[in-house]
Number of protein chains: 2
Amino acid sequence: MKKHDQDFMKRQNRLTVFQIIKNEQPISRAAIAKQTGMSPTTVSRIVSELTEEGYVHETEEQASAGRGRKSSLIRLLDTAVISIGVELDRHQANIGFIDVQGNVLCSGNFPRSSGDTPEATVARIADIIEELILECDIDRRRIVGIGVGLPGIIDVEAGIVNFSVQLGWKNVQLAERLKELTGLQAVVDNELKVKALAEQLKGSAYGSNRTVLLGFGNGVGSALILEGEIYRGVTNSAGEIGHTTVDPEGMMCDCGKAGCLQTYINIPSLLSEASKIKPVRTIEELFAERRAGTRWACYLIDRALAYMAITINNVVSMYNPDSVILSGEILDKFPEVYEEITNLCYTQYIWEPLQDSFTIVRSKLHEHGVIIGSGLVAQDRYFQLN
Amino acid sequence: MKKHDQDFMKRQNRLTVFQIIKNEQPISRAAIAKQTGMSPTTVSRIVSELTEEGYVHETEEQASAGRGRKSSLIRLLDTAVISIGVELDRHQANIGFIDVQGNVLCSGNFPRSSGDTPEATVARIADIIEELILECDIDRRRIVGIGVGLPGIIDVEAGIVNFSVQLGWKNVQLAERLKELTGLQAVVDNELKVKALAEQLKGSAYGSNRTVLLGFGNGVGSALILEGEIYRGVTNSAGEIGHTTVDPEGMMCDCGKAGCLQTYINIPSLLSEASKIKPVRTIEELFAERRAGTRWACYLIDRALAYMAITINNVVSMYNPDSVILSGEILDKFPEVYEEITNLCYTQYIWEPLQDSFTIVRSKLHEHGVIIGSGLVAQDRYFQLN
DNA sequence: CTATTTAATTTCACCAGTAGATTAATTAGA
DNA sequence: TCTAATTAATCTACTGGTGAAATTAAATAG
C-alpha cells in the first residue's frame, strides 16, 4: 500500500476524524480540530464530505462552552454502516449484525459438529445471513462486509484458514468462498485477535494503546493490540502461547514436548487429568468438585490458576502493555476466578517493578466479543479502502 | 507529532528515499521510484534536495540495464553524517564514531567502577569524545548526535535512566547532561534494544522485519524490532524477560519470586550456584570445568542452555519473528554454545509448527553491536527531525 | 544511422492543508 | 437593552508536495 501521497494523507485524516466522532460523539468540529491538531478548515471539509456520503450528520443539539457561539454537534448516522460478525468454533457458529458502535443489532446461530466441511459451514452461514436480513429488516446497501473470527492460524491477507485444530480445517479459502456466496467483502481472523480489538475499541481496554488479551478456555492464547492494530507476527501466529514451555520436566503435551502451558490450564487437559481419578465430563463438574473441597480438584484448579498468573507475568514482562484482559470460557463461566488470579498476580507472581505498569481487567463483551470484533475488523477494512 | 500534513508526508518520503539509498547504494533514481511507488518526479526532487544538503551525490559510475540510457547512480556521501555511539556497562565505557553505514570510524574506551557517579561518567565520556575528535581528525560539523546504550530501564523520550541495576543508577538525566557538556543532541536507550536495531540494519538480521534479539550474559533480556522500529512497550520495559517465571517451584530470585529465568542462566547466578560446590570466580573457569567433564559444571551449564532454548521457544511463540539473534557475553566467549542451543531448539524445545517460521542466528556485530546501534539510533533521531 | 528503449528532467495542473479574514451566534457585563 | 468579548464555522487566498505528460538525454539493436 502506498504511504506517501496526498491521497493516503487524506484517507488517514478522514479516518481519524471518523474515529473521533465514533468514539466521542456528539462532538463539535472545533473540538475535533483541537484534538487532532488539524486546522478547523480541514476538519470542516472532512465533516461535510462524511455528511454527504451519509456517514455522519449534524444534530439539533448544541453545546455551549460558556461564552461564544454554540457549537453544532456531529453524530454518526449509526445505521450508515453495518457489518456482519461471525464466530466459528467447534460446536456452533454465532452470527450477528454489528453497527458502527459495535452494537449487536440482531443475531442468530446454528450448531455444527467437528466433522462439518468448510463448504457446508459457509453455505449455512450464508443462509443465516439471508434469514437475519429479512427477519430484522436490515438495509442490504448498508452492509459493508463480513468478518469471521475462529480459533487457529489464519492468513489474514489471503483470507485463508491455514490451520485450525478446533475446527479440523486446513488450508481453507474461507474469505473467497464467503464472498462468492454472499457477494460481500469478507475478512477472516483469529478469534482472540479480533476479540482483543473489540475490547480495546469498546470494551474493558478502552483507551489503552498496548493491550494484551489472554484467552483461557478450550485452548490457551493471547493477542496483542499495538497502536490500535492487531499484531500478527510474520506467520500470523503471534501470541500462540499454548506451547510455551512452563515446566521442562512436566507432563507430556500432544505436541510431543514436555511441560507446555496448555497441558496445565486448558479445559480438555484439566478434564483428562481429573478423569484419572474420577470421571468428570464437564468443566462445571470439576469446579463443583472444587467447591465441595475435593482435594484433587482443588489441586488441579489451583495449579491452573497459578499458571494463569504466571502467564500474566510472562506476557507482561515481554509485551509491557498497559492493560491485560482475561477472557475465555473459564472466566466466563466462573467469574470468581478473576479475583483469585489477580490476587495471585499481585501477591506472588508479578515482578515488582511491573506491578503498577498495567491493569488486569475482565473481558467486558463476553460471548459477543468475537462477533463484535470480527464485525469491527470488517468495518476497519472497509474504511481503509474507502 | 503531527501526522496529517504535507510536511510530514515530505519528511516521510525523504526518509524512505534516504534509507533506500543507504541500504542499496549505488542505486538509480528510476530504481528508487519503482521500489517506492513514488513518481520519478518526486524521487528526482528529493534526490536533488539531498544532494544540495550534502547527504548524497551522483557517482561517475553508470549501470546499464541492457538497452536505453544508462542510469546515473546515487551514493551516500558517507562522511556526511557521523554520530557517536556509547556503550556503558558496569566496568567500562566504549565510545565510537559511527558513519551512516554503521561503520566504526574510530573508538576509545575507559574503565569505570560500579561506584562511579553519573556526573563523573558523563564528564569522562565528554573528554574521550574530545580526544577522539582530535586524534582521528573528525569533522565536528558532521556530528549529528550521541547515542548511549546501557543495561536498564530507560525513558527514551525524556532521556532519563529510570533504573539500572548494573550501573547502580536511578533517575539519571543522562541525555540532558551529555547535551550540556558536549553541545550535541543525545539519546539514551537500552543496550539490547539498540543492539537489536543494529543487527537488523547491518548485522545478522539484515532484511528481517520482525527481529528478536536475546542477550545472555550478566543479565538476561530480549529486544524486539517491528517494521524497523524498536518496540518499547508502555513503560519502556518490553522484553525484560529476566523475571519471567520458568519454574514456579524453582530457586528463589533476588526479586523475591521463585524460579525466575535469570536465576538459571545469567552469569552471576551460574557462578554463585557453582560456588556452593567449588569456588569459581569467572565464567571461563566454569566452562573449563565443564570441558573437563566435571559433573556439576555440566549439569549447571546444560541446564542453562536448555533454558535458553526454552526461552527461544517462548519468545518465538509470542512474537512470531522471522529471525532470532543470540548475543551476550556467554555467546561471545563460548561460540560453541550456539550450536548446542540451536540443536536443543530443533530437537526438543521448539513447537513444531513454528520450526520453519524463523531462523536462529548469532550476533554478527559482537562487541561493537551496542556502539553501532546507539550511534544509529542517534542518527535516526537526527533524520526524523531534519 | 535510424528506430527503439530507458533514464532523468521539466512543465504544468491538481489538490490537501493552512492562515487569516469574515460571518454567525452567543454571553457577560455596562 | 446594547456593546464588547468570545467561540464556531466558513470563505478566500495561498503554499507546497505530488503526479502525469511532455521533453531531453543517452544508450543499443539491427
For this session: Select one nucleotide: of C/dG17, D/dA8, C/dT11, the one nearest the side-chain heavy atoms of A/Ser71.
Result: D/dA8

Exercise. Quick one: A/Arg45 CZ to D/dT12 P, roughly how many Å, whole number?
Worked result: 16 Å

Problem set entry | For atom NZ of A/Lys34 and atom P of D/dA8, their distance in whole Å | 6 Å

For this session: Can you figure out which of C/dA8, D/dA9, C/dG17 approaches the side chain of B/Ser44 most closely?
Result: C/dA8

Exercise. Which pair of non-hydrogen atoms, one from A/Ser323 and one from A/Phe358, has the smallest distance, and what is that distance?
Worked result: N-CB, 4.1 Å

Exercise. In terms of the nearest nucleotide of DNA chain D, which residue is placed more toward the 5' end: B/Glu49 or B/Thr41?
Worked result: B/Glu49

For this session: Could you tell me whether the phosphate oxygens of D/dG17, OP1 or OP2, come under 4.0 Å of any side-chain nitrogen or oxygen in B/Thr42?
Result: no

For this session: May I ask you to verify if any side-chain N or O of A/Ser39 is less than 4.0 angstrom from the OP1 or OP2 atom of C/dT18?
Result: yes

Exercise. OP1, OP2 of D/dG17 versus side-chain N and O of B/Lys10: anything below 4.0 Å?
Worked result: yes

Exercise. Taking CD from A/Gln12 and C1' from C/dG17, how many angstroms apart are they, rounded to a whole number?
Worked result: 15 Å

For this session: Write down the distance between CG (A/Leu73) and P (D/dT7), rounded to a whole number of angstrom.
Result: 17 Å

For this session: Quickly work out the B/Met38 CE to C/dA8 P distance and round it to whole Å.
Result: 16 Å

For this session: Establish, yes or no, whether a centroid distance under 6.0 Å links the rings of A/Tyr319 and B/Tyr319.
Result: yes

Seminar exercise, completed: Note: for B/Pro40 and B/Gln6 on DNA chain C, the residue whose nearest nucleotide lies more 5' is B/Pro40

Exercise. Of all the nucleotides listed (C/dG20, C/dA7, C/dT10), which has the minimum atom distance to the side chain of B/Ala30?
Worked result: C/dA7

For this session: Using only side-chain N and O atoms of A/Ser72, determine if any of them is under 4.0 Å from OP1 or OP2 of D/dA9.
Result: yes

For this session: Specify the separation, in whole Å, of atom CD1 of A/Ile46 and atom C1' of C/dA16.
Result: 9 Å

Exercise. Starting at CE of A/Met9 and ending at C1' of C/dC14, how long is that distance when rounded to a whole Å?
Worked result: 12 Å

Exercise. What class does the angle between the rings of B/Phe383 and B/Phe18 fall in, given that below 30° is parallel, 30 to 60° is tilted and above 60° is perpendicular?
Worked result: tilted

For this session: For B/Asn13 and D/dG16, give me the distance from atom CG to atom P, rounded to whole Å.
Result: 17 Å

Seminar exercise, completed: Against the side chain of B/Ser28, the closest entry in D/dA8, C/dA8, D/dG19 is C/dA8

For this session: Might you work through the salt bridge (charged side-chain N to carboxylate O under 4.0 Å, His left out) test for A/Glu199 and A/Lys364, ending with a clear yes or no?
Result: CA-CA 7 Å; A/Glu199 291 286 350; A/Lys364 198 168 156 188; over 6 Å; no

Exercise. Choosing from C/dT18, C/dT11, C/dA16, which nucleotide comes nearest the side chain of B/Asp5?
Worked result: C/dT18

Exercise. Rounded to the nearest 0.5 Å, what separation is found between the NE2 atom of B/His57 and the CD1 atom of B/Ile21?
Worked result: 10.0 Å

